[in-house]
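Below: one structure, written as structure tokens.
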Amino acid sequence: MKLGLTLPYEGSLSFPEAVELAQRAEALGFESVWVPEAYGTDAVSILGALAARTERIQLGTGIVNVFSRTPALLAQTAATLDLISGGRFILGLGTSGHQVVTGWHGMAFDQPLIRMRETIAIVRQVLRRDRLVFDGEVFHLDKGLRLLARPVREAVPIYLATLTAGGLRLTGELADGWIPTLFAPDHMDLFRPELEAGARIAGRSLDSLGIAPHVPVSIDADRGNAREALKPWVALYVGGMGSKTKNFYNELVSRYGFAGDARTVQELYLGGKKLEAVRRVPDALVDAIAIAGPPGYVRERLEVWASAGVTTMLAGVHDKTQPDRLRTLELLATAAGTVD
């Protein structure tokens with residue numbers, strides 16, 4: 001199992017710190033570095049800068065949504081980032097959710113999976129430098145324009161961040177890789193059937209799909225302290241991502257067996273009691289979806305992720321200071337060196 005690094009997006013990281021983390025990850029043998037995008041810094045600008053300051057590490061959007069940019073613009077972005085990085089770019093795509101798509105971008109959150117499917121088709125068509133003619137349910141393009149730039153590769157890897165049954169089938173059918181959030185390796189059985197169903201549609205084996213979950217990491221000799229560092233992130237996703245009637249992450253952890261806790265965390269979070277919501281995140285949920293503990297425990301949990309079929313673990317470091325973040329990268333690299 002390989003390691004990737006997901007940079008924070010909530011504004012706690014300065015640009016020089018982001019560059020230092022990416023360069024250290026590259027030196028330590030991390031396979032990739034990923035830049036998320038919600039409503040903080042945009043991913044593309046940061047990745048362009050990182051491309052100029054790194055040499056070997058792969059660079060991914062982790063993720064950008066398919067509503068705020070047109071498919072052709074996503075393809076132009078992929079071609080450009082692949083060009084300036086020398087063929088190191090990975091396009092991570094997702095639908096995001098109603099809160100960001102409607103509340104931030106002012107777009108209707110309509111037909112997300114159809115939009116995702118058509119976006120993938122158009123991106124691949126553009127990168128091949130075919131004339132762009134497409135007649136779908138969402139996009140209708142009939143001018144036959146062709147990409148003027150000449151990408152390093154005629155295809156870049158496309159990873160999808162999906163959790164719903166339809167999204168998982170789409171991932172198994174069309175994607176090069178899968179980026180789940182709040183993934184619990186002990187519950188891979190909840191995801192595998194839909195991923196395999198999609199793979200069968202494409203006539204391929206699921207072994208061809210890269211599995212790259214985003215995994216929050218907190219390394220501390222005191223497991224209680226390590227868990228506490230991750231609980232605000234868990235509370236945000238379980239309690240605050242989406243509405244009371246539709247929160248994919250809340251639904252997911254409910255399927256893991258935390259339905260009562262998920263409901264309580266959401267009620268508190270949406271009711272403005274965020275600190276109480278954080279306190280109600282159970283330790284067992286943190287242990288299921290994250291790595292929180294001393295270095296020896298980290299090695300044990302990496303083995304669990306690898307045994308679940310994970311090909312690349314995208315580590316999200318939640319330390320508050322740059323020296324601690326760099327230390328976490330060092331410890332992760334050492335621990336991963338013992339995992340096949």
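Residues: numbered from 1 along the sequence shown.
- Around atom CZ of R128, more than 12 heavy atoms belonging to other residues, nucleotides or ligands sit under 6.0 Å away.
- Nearest heavy-atom pair across A290 and L230 is CB-CD1, 3.6 Å.
- At most 12 heavy atoms of other shown residues, nucleotides or ligands fall within 6.0 angstrom of atom NE2 in H98.
- Listed for the N250 side chain is a donor-acceptor partner under 3.5 Å among the backbone atoms of V238.
- L145 belongs to no multi-residue hydrophobic cluster, having no ILVMFWY side-chain contact under 4.5 Å with any other such residue.
- Identified under the salt bridge (Lys or Arg N to Asp or Glu O under 4.0 Å) test for residues 67-77, with sequence neighbours left out: E37-R69.
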Does the pair T312 and F30 meet the rule for a side chain to side chain contact (heavy atoms under 4.5 Å, CB included), with working shown?
-> CA-CA 10 Å; T312 305; F30 278 59; over 6 Å; no
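- Closest approach of R115 and V66 over heavy atoms only: CD-O, 3.3 Å.
- By the side chain to side chain donor-acceptor pair (under 3.5 Å) test, E330 is found to be paired with R24, residues two or more places apart in sequence or in another chain being considered.
- In this structure, K2 contributes its side chain and E31 its backbone to no donor-acceptor pair below 3.5 Å.
- The pair E20-R325 does not meet the salt-bridge criterion, since no charged nitrogen lies less than 4.0 angstrom from a carboxylate oxygen.
- Hydrophobic cluster membership differs between W34 and I84, with clusters built from Ile, Leu, Val, Met, Phe, Trp and Tyr side chains linked at under 4.5 angstrom.
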Which pairs of donor and acceptor atoms, one on a side chain in residues 70-79, lie under 3.5 Å apart (sequence neighbours left out)?
residue : atom : partner : partner atom : Å
T70     : OG1  : L73     : N            : 3.1
T77     : OG1  : L73     : O            : 2.9

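- Counting only residues at least two apart or in different chains, salt bridge (Lys or Arg N to Asp or Glu O under 4.0 Å) contacts with residues 85-101 are absent.
- When every heavy atom of L113 is checked against every heavy atom of G166, the shortest pair comes out as CD1-C, 3.5 Å.
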Side chains of residues 57-64: which donor-acceptor partners sit under 3.5 Å, not counting sequence neighbours?
residue : atom : partner : partner atom : Å
T61     : OG1  : G92     : N            : 2.7
T61     : OG1  : G92     : O            : 2.9

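- Going from atom CG of L209 over to atom CD of E196 covers 11.0 Å, rounded to the nearest 0.5 Å.
- Take E251 and apply the side chain to side chain donor-acceptor pair (under 3.5 Å) test, not counting sequence neighbours, and it matches K246.
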So R124 and D176, salt bridge (Lys or Arg N to Asp or Glu O under 4.0 Å) or not? Walk me through it.
-> CA-CA 12 Å; R124 287 176 170 159; D176 299 294; 3.4 Å; yes
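- Hydrophobic clustering (ILVMFWY, side-chain heavy atoms < 4.5 Å, transitive): V215 and I90 are in distinct clusters.
- Taking all atoms of both residues into account, the shortest heavy-atom contact from A229 to S218 is CB-OG, 3.6 Å.
- The two residues D319 and D324 come nearest to each other via the heavy atoms OD2-O, 3.4 Å.
- Distance check, rounded to the nearest 0.5 Å: CG of L195 to CG of L190 gives 11.0 Å.
- In this structure, S205 and A199 approach most closely via the heavy-atom pair C-CB, 4.4 Å.
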Side-chain atoms of residues 257-266: list all donor-acceptor pairs with protein atoms under 3.5 Å, sequence neighbours left out, distances to 0.1 Å.
residue : atom : partner : partner atom : Å
T264    : OG1  : G260    : O            : 3.1
Q266    : NE2  : S243    : O            : 3.4

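- Under the side chain to side chain donor-acceptor pair (under 3.5 Å) criterion, R223 pairs with D287, Y297, sequence neighbours left out.
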T162/L170 under side chain to side chain contact (heavy atoms under 4.5 Å, CB included): CA gap, chis, key distance, verdict | CA-CA 9 Å; T162 56; L170 184 70; 5.7 Å; no
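- Residue R192 holds its CZ atom at 6.0 Å from CG of L206, rounded to the nearest 0.5 Å.
- Counting heavy atoms from C-beta on, the side chains of V19 and L50 come closer than 4.5 Å.
- Side-chain atoms of Y256 come within 3.5 Å of backbone N or O of A184 as a donor-acceptor pair.
- Side-chain contact check for V126 versus F134: every heavy-atom pair is 4.5 Å or farther apart.
- Atom-to-atom distance recorded for H214:NE2 and L5:CG is 10.0 Å, nearest 0.5 angstrom.
- Within the structure, ring pair (Phe, Tyr, Trp, His ring centres under 6.0 Å) contacts touching residues 265-290 (residues at least two apart or in different chains) do not occur.
- In this structure, I201 and R169 have side chains that are not in contact, with every pair of non-hydrogen atoms separated by 4.5 Å or more.
- For the atom pair L7 CG and L314 CG, the distance stands at 11.0 Å (nearest 0.5 Å).
- Hydrophobic cluster membership is shared by L3 and L28, with clusters built from Ile, Leu, Val, Met, Phe, Trp and Tyr side chains linked at under 4.5 angstrom.
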Run the side chain to side chain contact (heavy atoms under 4.5 Å, CB included) check on L21 and Q322 step by step: do they pass?
-> CA-CA 8 Å; L21 284 176; Q322 186 72 348; 3.6 Å; yes
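- In this structure a side-chain-to-backbone donor-acceptor pair under 3.5 Å is missing from E17 to T321.
- Using a 4.5 Å heavy-atom threshold, the side chains of L83 and F89 count as separate.
- Applying the salt bridge (Lys or Arg N to Asp or Glu O under 4.0 Å) definition to pairs two or more places apart or across chains, those involving residues 140-158 are D82-R153.
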Validation: residues 99-112 side-chain donor-acceptor distances under 3.5 Å, sequence neighbours left out:
residue : atom : partner : partner atom : Å
Q99     : OE1  : G242    : N            : 3.3
T102    : OG1  : M107    : O            : 3.0

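- The CH2 atom of W305 lies 14.5 Å from the OG1 atom of T311; values are rounded to the nearest 0.5 Å.
- The backbone N or O of A149 sits less than 3.5 Å from a side-chain atom of R129, completing a donor-acceptor pair.
- Connection of Y249 to V253 is established within a shared hydrophobic cluster, with ILVMFWY side chains joined at heavy-atom distances below 4.5 Å, either directly or through further cluster members.
- By the neighbour-count criterion of 12 heavy atoms within 6.0 Å, atom CZ of R301 is densely surrounded, having more than that number from other residues, nucleotides or ligands.
- A continuous path of Ile, Leu, Val, Met, Phe, Trp and Tyr side chains, each step under 4.5 Å between heavy atoms, connects I158 with F67, placing both in one hydrophobic cluster.
- In this structure, R204 places its CZ atom where more than 12 heavy-atom neighbours from other residues, nucleotides or ligands lie under 6.0 Å away.
- Ring orientation note: the planes of W178 and F183 are nearly perpendicular, at an angle over 60° on the 30°/60° scale.
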Take L160 and I179 through the test side chain to side chain contact (heavy atoms under 4.5 Å, CB included) and record every step on the way to the result.
-> CA-CA 6 Å; L160 300 184; I179 312 175; over 6 Å; no
